[in-house]
Structure formats: C-alpha cells, structure tokens
Amino acid sequence: MKRNPIGIFDSGVGGTSIFKEVHTLLPYENCIYLADSKNAPYGNKSEAEILQLCIKNTEFLLSRDCKMIIVACNTATTNAISYLREHYNVPFIGIEPAIKPAALQTQTQAIGILATKGTLSSELFHNTTNLYASNIKVIEQIGEGIVPLIENGKLNSPEMELLLKTYLKPMLDQDIDHLVLGCTHYPYLIPVLEKMLPTKVKIIDSGLAVAKQTKAILLANSLLNPSVIPPELKLYSNGNVEVLRSLIGDGFTSSYLNF
Ligand code: DGL
C-alpha cells in the first residue's frame, strides 16, 4: 500500500501547481495526475454537477489503486470534499482559499480574494470567511474567463492582462494589502500579478500548505513510501496534453483518456 500512488485531480491543468509542491516535498511518492479538462471550468457548474465530476474522478483514481487523493481544486474541495470523505475509504486532502492567514496579517483591514463562482458561493467558503474575516473587508471577485484562457495555453496574453486589470481594480480601490488566490490555476499568474500589483500587496496561495498537510496525513496513516528510487509519475487528461505538459514539466508518462 505504501508504494501505491497518490492520486491528484483538478478540473484541468491548475492542480499541477499543487502537484509541484507535493513532488518537491515528497520526491519519492508515485503520483497520478488526472486533468478533467474536457469539463473545465468547474467554477460555473452547479454543486450537484461538481459533485458528480468529483465522484467520477475519485473512482478513476481508486481504480488505479491510489492510497490517498488530493482534490487539487478549490471549487471541487469546497463543494464536494465532505461527501468524498464520507463515501470513500482513503484519506482526502483538499484546498481552500487561505482567508485565515490573510485576515490575520492585514494592516489595511482589507483583503482581496480571486476565485471561481463555485468556490465563492460555497457554504465552506462562507463559513471560513465568517469565522476568520468577519471584522475586515473581504473584496470577493469571480475570476470569470481566467481558467479557460489558461486551459487554452493563453497564460501570457493581452486578454489575460485585461481581465486581471479589470478584476484587480475594485480591490486596489479599497486598499487591499493581501490577495488570496482561491483557484489552483492562479499561481501560474503570479509573475503577471506581481507586475500589476503595488509591492505592499502580498499574494497568498495555499500550495505549500497542501503539500505539508499531505505529508502529515501520509505519516499519520503509515502510508509514506519508504522507497528512494525515482517515482513513477503518470498523467491522464481528456483535454490538451501539450498545455498540461508545458506546465507540469518532464518526468511523466502521459495518456489521453476520453472520459
Ligand atoms: N482549479 C480550479 C480551482 O481551484 C478549478 C477552476 C474551474 O474549473 O473553474 O477552483
């Protein structure tokens, strides 16, 4: 069981930002990355639709003997992780917007959050915001259109810059000093965002925290792979494998899967 792979899924290529953090911290773990790009974006779908897609992804990864599953998608986590934890017998690691550290550190009492509609409308997000950020201003912005551009290889494009400028303006007008990235596709925007944001605005993303939590849960469940040989890394995608490869890098064997 310890040598079985960790399964990681996302609505597409965004979760590769999480995979990279996990692989850096746990370089001997075998991994399977599943990109459900055909169904991206998840962010505009209903909770019931998101849940069905998460079930399908989970069952695919379990059929490949994954010992643990990382839901490398804020939209999927905030809408489906409780169900997955209740119904499947492996540990699940999720990711949700890092509102808490931003709320604790803000000096201007204003933070921005960029995420999908599905994440911002979820109960889990509302509960977290009420718990940690009820006494500060939280400027929420749906990142409409960002995920499709990234899925289509247009990460660095004039269209992307225009969207980001539009989305950041109301946040900057309200003097935010933290920008929480609430979607795993968004860490790839950090270089562009850093050029657009004043230096006092700190960008917060949860990738490293997810990797640390993954390690802690593997240890707690005696599932850490004791091997020190290079791991087997597999990619499955039902979309554009080239875009996926350009973001995730080398070292993977890949397959196109029409599911
Ligand atoms: N990467 C995703 C997230 O973290 C999903 C975006 C989408 O498919 O809309 O929310």
Side-chain angles (χ1 to χ4, degrees), residues 7-22 33-58 61 69-82 84 92-99 102 112-126 128-129 140-155 160 163-164 167 179-190 193 203-211 213-214 235-240 243-244 246-248 259:
I8 304 172
F9 77 80
D10 178 40
S11 63
V13 302
T16 56
S17 64
I18 303 298
F19 160 76
K20 286 178 184 172
E21 300 280 4
V22 170
Y33 185 89
L34 177 65
D36 189 17
S37 293
K38 192 171 86 179
N39 293 302
Y42 281 9
N44 292 338
K45 297 190 187 324
S46 69
E47 191 177 343
E49 284 173 306
I50 295 168
L51 181 60
Q52 283 316 309
L53 292 168
C54 290
I55 290 173
K56 172 184 64 89
N57 296 338
T58 297
L61 291 170
I69 293 182
I70 303 178
V71 182
C73 173
N74 292 258
T75 313
T77 299
T78 50
N79 286 277
I81 203 155
S82 318
L84 298 176
F92 283 87
I93 308 289
I95 178 164
E96 48 177 316
I99 292 287
I113 155 100
L114 190 60
T116 67
K117 188 172 159 209
T119 294
L120 294 175
S121 62
S122 68
E123 202 183 322
L124 191 56
F125 176 75
H126 282 287
T128 310
T129 309
E140 297 177 13
Q141 176 64 55
I142 296 173
E144 189 64 44
I146 295 178
V147 167
L149 283 179
I150 297 176
E151 290 290 325
N152 288 308
K154 292 188 173 171
L155 181 58
M160 183 67 88
L163 276 186
L164 292 177
Y167 295 158
L179 172 65
V180 178
L181 301 183
C183 170
T184 54
H185 283 69
Y186 300 170
Y188 290 111
L189 300 170
I190 290 175
L193 288 169
I203 299 172
I204 311 266
D205 112 75
S206 332
L208 181 58
V210 171
Q213 177 68 358
T214 301
L235 281 182
Y236 290 97
S237 165
N238 53 14
N240 187 332
V243 176
L244 187 57
S246 72
L247 294 174
I248 207 166
F259 68 99

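Counting starts at 1 for both ligands and their atoms, following the listed order. Residue numbers start at 1 and run along the sequence shown.
On a distance-only criterion, D10 and ligand 1 share at least one N/O pair closer than 3.5 Å. Among the atoms of G182, none of the N or O lies under 3.5 angstrom from an N or O of ligand 1. In terms of polar-atom proximity, defined here as any N/O pair under 3.5 Å, T116 makes no such contact with ligand 1.
Atom CD1 in I142 sits 10.0 Å away from atom OG1 in T119 (nearest 0.5 Å). Here the CD1 atom belonging to I204 is positioned 10.0 Å from the CD1 atom belonging to I99, to the nearest 0.5 angstrom.
Under 3.5 Å, the side chains of E151 and S37 contain a donor-acceptor pair of N or O atoms.
T75 OG1, 2.6 Å is the protein heavy atom nearest to atom 10 (O) of ligand 1. Of the protein's heavy atoms, G43 N, 2.7 Å lies nearest to atom 9 (O) of ligand 1. The protein heavy atom nearest to atom 7 (C) of ligand 1 is Y42 N, 3.3 Å.
Pairing each heavy atom of A72 with each of T184, the nearest pair is O-OG1, 2.8 Å. Between E144 and N44, the shortest heavy-atom contact is OE2-ND2, 3.2 Å.
When each of T116, L155, L114 is paired with I146, the side-chain contact (heavy atoms from CB on, under 4.5 Å) condition holds for L114 and for no other.
Residue S11 places a heavy atom less than 4.0 Å from ligand 1.
One option in N44, D36, N74, I142 has a heavy atom closer to atom 4 (O) of ligand 1 than any other, and that option is N74.
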